[in-house]
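Data first, discussion second: the structure below is written as structure tokens.
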There are 2 protein chains.
Amino acid sequence: MSLGNKYEPDLRPIRAPQQDLKQAKEPPHEIGTCRLVGDVLARAGDKWTVFIVRLLADGPMRFNELRRGADGISQRMLTLTLRGLERDGLVTRTVFPTVPPRVDYALTELGRTLLVHLQGLGEWAMENRPAIVAARAAFDARED
Amino acid sequence: MSLGNKYEPDLRPIRAPQQDLKQAKEPPHEIGTCRLVGDVLARAGDKWTVFIVRLLADGPMRFNELRRGADGISQRMLTLTLRGLERDGLVTRTVFPTVPPRVDYALTELGRTLLVHLQGLGEWAMENRPAIVAARAAFDARED
DNA sequence: CGGTATCCCCAGGGATACTG
DNA sequence: CAGTATCCCTGGGGATACCG
């Protein structure tokens, strides 16, 4: 199985690389579903995707606007992140044939539906931040 | 700034490592919120967390049960993933002083509330899988 | 059984330089 | 302005061996 594209996340079943696929017993919770969720979360969870998607929530932005907005991102990673999002149909890339060139990136409808979930997770994170911080402190105290 | 614990995700602002923090202009969308979401998603999105959380959705499981359930995970990564979840207060670890030892892992209430969001994302992934696959195919065709 | 400790590899990603 | 191309280095994570 070859991956179709360099921007495509590796969706092959997670297991030892060259290991043979036996897959005897029925896996719990639909292994396919699980992998897909993991895939989505891997995309959503990589270092820059969330920043980009949130920046685009308010409307289209140009390449360098995003660069400034996601403070600290390298040009390379911005390009890679945007290409990945574009390939998955979450973002559109529009080139204006002017000089100097202008390229706008915008969320698609699909991208907006994902944004909703990300915002949900964001609210969860905000609401439970104190609990998480407390849990960490307790854990750290416990283990000397 | 030293990180308090080896299981703690690095929450320092994402930027060039030794770069000075100027942070002059007000960042869009509350940069703190954004980082927190990114953090949560980084936890949720790492290679194994989703598998583990879903396995625990139905009730407590022992170490080796999880190992078998998350097919392909290494012992090391299972331990690391579980420790991270435990530290964040998402999972409890219960040791029974029997011989041989028995250790149960279970979702906390906090863990369950996260599970809800993960499942939401899971449904999103399932519903939009065809759209994503189509978008990828179209993108790949476009770029020769 | 349920872990640590160690070694080691390679891909994710930053820095830099060049281009249409 | 909006990217490629190249180099290089770090740390995520697999394999293996050992321990309470």
Side-chain angles (χ1 to χ4, degrees), chain A residues 3 5-10 12-19 38 42-43 45-49 51-52 60-86 91-106 143-144, chain B residues 3 6-10 12-19 38 42-43 45-49 51-52 60-87 91-106 143-144:
Chain A
L3 297 178
N5 185 284
K6 53 182 167 175
Y7 304 117
E8 178 170 22
D10 187 342
R12 287 170 295 184
I14 295 176
R15 50 169 37 94
Q18 281 78 17
Q19 188 179 332
R43 233 227 197 302
D46 74 25
K47 198 169 179 181
W48 296 110
T49 297
F51 285 78
I52 303 305
M61 290 183 76
R62 301 180 59 172
F63 187 85
N64 278 340
E65 286 177 334
L66 288 168
R67 196 139 121 83
R68 282 185 294 272
D71 189 34
I73 194 171
S74 66
Q75 199 164 24
R76 174 188 146 82
M77 287 319 295
L78 180 54
T79 301
L80 256 43
T81 303
L82 287 169
R83 286 293 180 284
L85 289 170
E86 186 193 358
V91 155
T92 57
R93 177 174 179 272
T94 311
V95 182
F96 298 90
T98 60
V99 46
R102 172 200 176 101
V103 181
D104 275 11
Y105 291 91
E143 66 156 18
D144 317 339
Chain B
L3 297 178
K6 53 181 169 175
Y7 304 117
E8 179 170 19
D10 188 341
R12 287 171 296 185
I14 295 175
R15 50 166 39 91
Q18 282 77 17
Q19 188 179 333
R43 239 232 188 302
D46 74 24
K47 199 170 179 180
W48 296 109
T49 296
F51 285 79
I52 303 305
M61 290 184 77
R62 301 179 59 172
F63 187 85
N64 277 340
E65 286 177 336
L66 288 168
R67 196 140 124 83
R68 282 186 294 272
D71 189 34
I73 194 172
S74 66
Q75 198 165 24
R76 172 188 147 84
M77 288 318 296
L78 180 54
T79 300
L80 257 42
T81 303
L82 287 170
R83 285 293 180 284
L85 290 170
E86 186 193 359
R87 198 178 107 92
V91 155
T92 57
R93 177 173 179 271
T94 310
V95 181
F96 299 91
T98 59
V99 44
R102 173 201 175 100
V103 180
D104 274 13
Y105 292 91
E143 66 156 20
D144 316 341

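We name chains A, B, ... by the order of the sequence lines, and we start the count at 1 in each one.
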Atom-to-atom span, CG of B/Asp104 to P of C/dG2 - whole angstrom: 8 Å
Residue-phosphate contact under 4.0 Å: B/Arg93 side-chain N/O, C/dG2 OP1/OP2: no
B/Leu82 CG - C/dC1 C1' separation (whole Å): 14 Å
For A/Thr81, all residues meeting side chain to side chain donor-acceptor pair (under 3.5 Å), sequence neighbours excluded: none
Touch class at under 4.0 angstrom, heavy-atom based, for A/Arg67 against every strand present: nothing
Nearest-Å distance for atom pair CZ/C1', residues B/Arg62 and C/dG2: 9 Å
Rounded interatomic separation in angstrom, taking CG from A/Leu80 and P from C/dA11: 15 Å
Minimal non-hydrogen separation, B/Phe51 against B/Ala70, with atom names: CB-CB, 4.3 Å
Listing time: all N or O pairs from protein to nucleotides 16-20 of chain C that are below 3.5 Å?
none

Euclidean distance, A/Ile52 CD1 relative to A/Arg67 CZ, rounded to 0.5 Å: 11.5 Å
Partner set under salt bridge (charged side-chain N to carboxylate O under 4.0 Å, His left out) for B/Arg93, not counting sequence neighbours: none
side-chain contact (heavy atoms from CB on, under 4.5 Å) against B/Arg102, all qualifying residues, sequence neighbours excluded: B/Arg62, B/Phe96, B/Thr98, B/Asp104
Check: B/Phe63 and B/Leu82 side chains under 4.5 Å, non-hydrogen atoms: yes
Phosphate-side-chain proximity, B/Tyr105 and C/dG3, N/O vs OP1/OP2 below 4.0 Å: yes
Residues which pass side-chain contact (heavy atoms from CB on, under 4.5 Å) with A/Pro101, listed by chain and number, not counting sequence neighbours: none
Validation row: B/Leu66, B/Tyr105 side chains within 4.5 angstrom (heavy atoms): yes
A/Leu78 CG to D/dG3 P, straight-line distance once rounded to whole Å: 8 Å
First of A/Met77 and B/Val103 reached from the 5' end of DNA chain C, by closest nucleotide: B/Val103
Touch class at under 4.0 angstrom, heavy-atom based, for B/Phe96 against every strand present: nothing
Whole angstrom value for the distance that separates P of D/dC1 from CZ of A/Arg68: 7 Å
A/Ile73 CD1 - D/dA2 P separation (whole Å): 14 Å
Bending between helix ends of the helix from C/dC1-D/dG20 to C/dG20-D/dC1 [5 pairs per end, 10° resolution]: 50°
